[in-house]
Amino acid sequence: MPRWLGIYQLKLCFLYRYHYYSEVPNSISKHIGPSTSERFNLNGTTTRRFHHTQTPRSSNARVPHDTLYEVRRQLPNWSRKTTISQFSDQRDKMEVQIEDSGKAKQMVVLLIGPPGSGKSTFCDTVIRSSHRPWSRICQDIISNGKAGTKAQCLKMAMDSLKEGKSVFIDRCNLDKAQRSEFIKLGGPEVEVHAVALELPAQVCISRSVKRTGHEGNLQGGRAAAVVNKMLQSKELPKVNEGLSRIMFCYNDADVENAVKTYSALGPMDSLPSGCFGLKSSDTKSQPGIMKFFKKVTALPASSSNEVTEATRRATEATTEATRKADEKVENFRDSPAKLGSADIVPTLAFPSISTADFQFDLEKAADIIVETAEEFLPKLGTARLVLVDLSHGSKILSLVKAKASRKNLDLRRFFTFVGDITKLHSEGGLHYNVIANAANWRLKPGGGGVNAAIYKAAGPDLEAATRARANTLLPGKAVVVPLPSTCPLQNAEGITHVIHVLGPNMNPNRPNFLNNDYTKGCKTLREAYTSLFEGFLSIVQDQSKFPKRSSQATMSDSGENINEESERNTKKYKEDKAIANSLESGVVDDTRDSDLKMSKGWSSWALALYNIAMHPEKYENVVLESSDDIVVINDQYPKARKHLLVVARQESVDGLEDVRKENLQLLQEMHNVGLKWVEKFQKEDASLIFRLGYHSVPSMRQLHLHVISQEFESDNLKNKKHWNSFTSSFFRDSVDVLEEVKSQGKANVASEDLLKGELRCNRCRSAHPNIPKLKSHVRICRSHFPDHLLHNNRLLVRPE
DNA sequence: GTTCTAGAAC
DNA sequence: GTTCTAGAAC
């Protein structure tokens, strides 16, 4: 095996097992034996990594999931009861009274941040001044003062919780997967919080570089590489992971505020749930390592006196939330037991449609709401419908409450709630995942009321996502819009979908008013709620039909699983489409043609690469190589003896058309990886000739580079489209793409018409009447390749 | 992307 | 009658 391939495999191994590795100094690793692997650092030294999953250092190193449950059961206060008294509250809130057994709630607080972000300092400072018993669990020292494993951390956390302590998890916890098992420690008596230390990368690197006594031995220049690498895979924590409280800290002042918050907690105190201090823009982009090295001496120090907007907001939010908690208003808050990400009850929060600006009669509207809810509740399983109004004195809420209580409805699943529909979780403690918007017919932001509030809270993401689904809406109709993961509403509140609804207008001062025609008005309003609840039902069904499976199960069989995964996505797509279709009469679509392109309605088969790129760990047996940026797989239907795909992992780049200057580094990496594989193949068979390139218009979602040998000897090459996609100018050589993106900011893409062109030999360019005849010719043609391919290394021939 | 198949081309 | 393609369905 060539030496470089060996290194490659080691690298691969590292990437797959990333979460189970921890850095250990060379001095320790001597004792580790065969499961260590060497890797080379920027500063030229070698470190070793210990593969804990293969060689656990102690019998308790890995803790099976089911034991977590057992341990939770043994925790103190497990049996605290919850009683619900519905609709009895004068304050228009659904009441949940928690019987206080007088014991304190424990906390698991996950610190989130790269090395140098100040996690250990944070914990130490809180522990020094806190009256609550804390345990700090630090992966860097957990194994007799040396670095240990995640499993050891989990074990120690559980032990500390059993002892009645609250726990700081002092490890990077940068992505969702790293956090998930610690979040599972939560239960009825254990809240799980996160404190995200979002300090500038330079600050973290600078601290890591300068520190001399760090427990994890992450010192010197190597820190820069490690911090940057880690930040690449960072995922901001979200409430829907199962965290009941998240504090974001962007500078020293924010950190100080968070330290104070936790330091002040006595054994009996608790903190309001929600998401505090989140800035809307992700600060994921980090300066390159080399750039850092140049600037390391002139780092802008973050001032501890500087009170930023984020701090102000964080402080305000905390104060406000604390004030509310202090009022001892027994708001309806979902208990942390429900917070496990898998356990969150699907909940639609919806405003009363048409009763505000559209002046629909409140009595009639309340009847329709209750009747439609009654119709849908049995179909919705455990899912909940929550009517929301901003004001305590809302007439519609009391009418609905009164009418609902007279009917035999499950009032735990249908109730009213007072609050800002965009902040029900962070400010009201209600868990919800879908909100309805009382939209305008143009589906535009602005206006007033709920529509303006929702568009404002969701940011521009919502408008774009809406535009991809529909341009306008007719009264009585609804349109389901999934929110992108970047949307602040999803991050802060856990909302995954917005359903726009348009109700009938009774206001003579607004266009298209119904002139008091309540026969028509009631019909349309009923239709509107039906459309809304149907939309919500489809989301609920989608989520329950396709629960997340364990990665183990998906690794068993590649091909099938790719299809299953695709199937799931298609199903989602189809259902969304079905909703759209069912609403078609109502959705005035003036850009029918471009709509598909805008919504990028990829079919199931077209999502296979995307799925692999997003979850390479699930496709272990098809992925030949992977990094943070790319995965390499064999084309499932190779059109030549050697045919690989280098797939970009970045989510937003579906194909060549999406490529811009900011993707240059990615393109270059894809090209380099392609070249490496060509080298490998040519070592095995020197006669192979390759091209690296992209299809101008790909059939499969997710930018992918074809690495394909030029003899095109394959039974899978069956038709004109196959042939022309690799041999006409529809195929864009990677070198040209790189050049074009560098010089003009994007790549040229050729027309799909080229795929229908005549069949010509890729060497001599002779034309042939059909595929079989062409293939017979190509098998024997030994002409030189066309001139243009001989330049710029478009054609990769093994050098003699 | 593939598979299937009606019907065009031979 | 057989081969091959193009378009629909998935």
Side-chain angles (χ1 to χ4, degrees), chain A residues 545-546 557-578 580-581 592-593 596-597 599-616 619 622-624 631-648 653-658 693-709 712-728 730-732 749-761 766-779:
Chain A
K545 262 185 220 162
F546 310 109
D557 182 329
S558 71
E560 242 174 88
N561 280 312
I562 294 173
N563 292 336
E564 278 177 32
E565 178 81 15
S566 305
E567 197 70 29
R568 213 176 335 151
N569 270 305
T570 312
K571 201 96 186 179
K572 165 115 195 70
Y573 165 66
K574 277 186 181 166
E575 282 177 15
D576 289 350
K577 211 171 153 189
N581 285 344
R592 210 162 278 277
D593 248 356
L596 186 71
K597 213 163 191 177
S599 66
K600 299 210 175 175
W602 300 92
S603 296
S604 65
W605 49 263
L607 291 168
L609 297 180
Y610 170 79
N611 292 329
I612 296 173
M614 293 304 125
H615 304 286
Y619 303 98
V622 287
V623 173
L624 305 174
V631 289
V632 180
I633 57 171
N634 272 311
D635 192 298
Q636 206 182 351
Y637 298 91
K639 304 298 183 294
R641 276 159 64 189
K642 297 292 178 193
H643 184 184
L644 294 181
L645 304 178
V646 181
V647 187
V653 196
D654 290 341
L656 201 53
E657 274 183 292
D658 300 323
Y694 301 87
H695 284 158
S696 287
V697 184
S699 300
M700 313 260 305
R701 176 175 177 182
Q702 202 64 11
L703 182 70
H704 53 281
L705 173 75
H706 290 271
V707 176
I708 186 163
S709 58
F712 294 107
E713 196 183 296
S714 164
D715 291 342
N716 295 310
L717 200 161
K718 293 173 177 169
N719 59 43
K720 193 176 248 187
K721 185 177 177 183
H722 291 156
W723 179 257
N724 285 335
S725 71
F726 290 103
T727 60
S728 74
F730 183 84
F731 187 83
R732 302 296 338 278
V749 287
S751 159
E752 284 178 279
D753 294 346
L754 285 162
L755 299 175
K756 293 174 185 158
E758 55 191 355
L759 295 167
R760 287 186 175 272
C761 172
S766 60
H768 298 267
N770 56 43
I771 287 286
K773 292 199 165 76
L774 170 79
K775 287 177 93 171
S776 309
H777 165 82
V778 169
R779 259 194 294 276

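Chain A is the first sequence line, chain B the second, and so forth, proteins listed ahead of strands; every chain is numbered from 1.
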### Expected output: side-chain A/Lys775 to main-chain A/Leu717 donor-acceptor under 3.5 Å
yes
Interface polar pairs with nucleotides 1-7 of chain C, N/O, under 3.5 angstrom:
from: C/dT5; atom 1: OP1; to: A/Ile771; atom 2: N; distance (Å): 3.0

### Query
Across the strands shown, which category fits A/His704 at heavy-atom distances under 4.0 angstrom: base, sugar-phosphate, nothing?
nothing
### Message
Would the distance check show the side chain of A/Asn724 and the main-chain N or O of A/Leu755 forming a donor-acceptor pair, the cut-off being under 3.5 Å?
### Response
yes
### Query
Has the side chain of A/Ser728 got a donor or acceptor atom that lies under 3.5 Å from a matching backbone atom of A/Phe730?
yes
### Main-chain N/O of A/Tyr637 paired to A/Asp635 side chain as donor or acceptor, under 3.5 Å
yes
### Task
Look only at the side chain of A/Ser709 and the backbone of A/Ala640, and say whether a donor-acceptor pair between them is shorter than 3.5 Å.
no
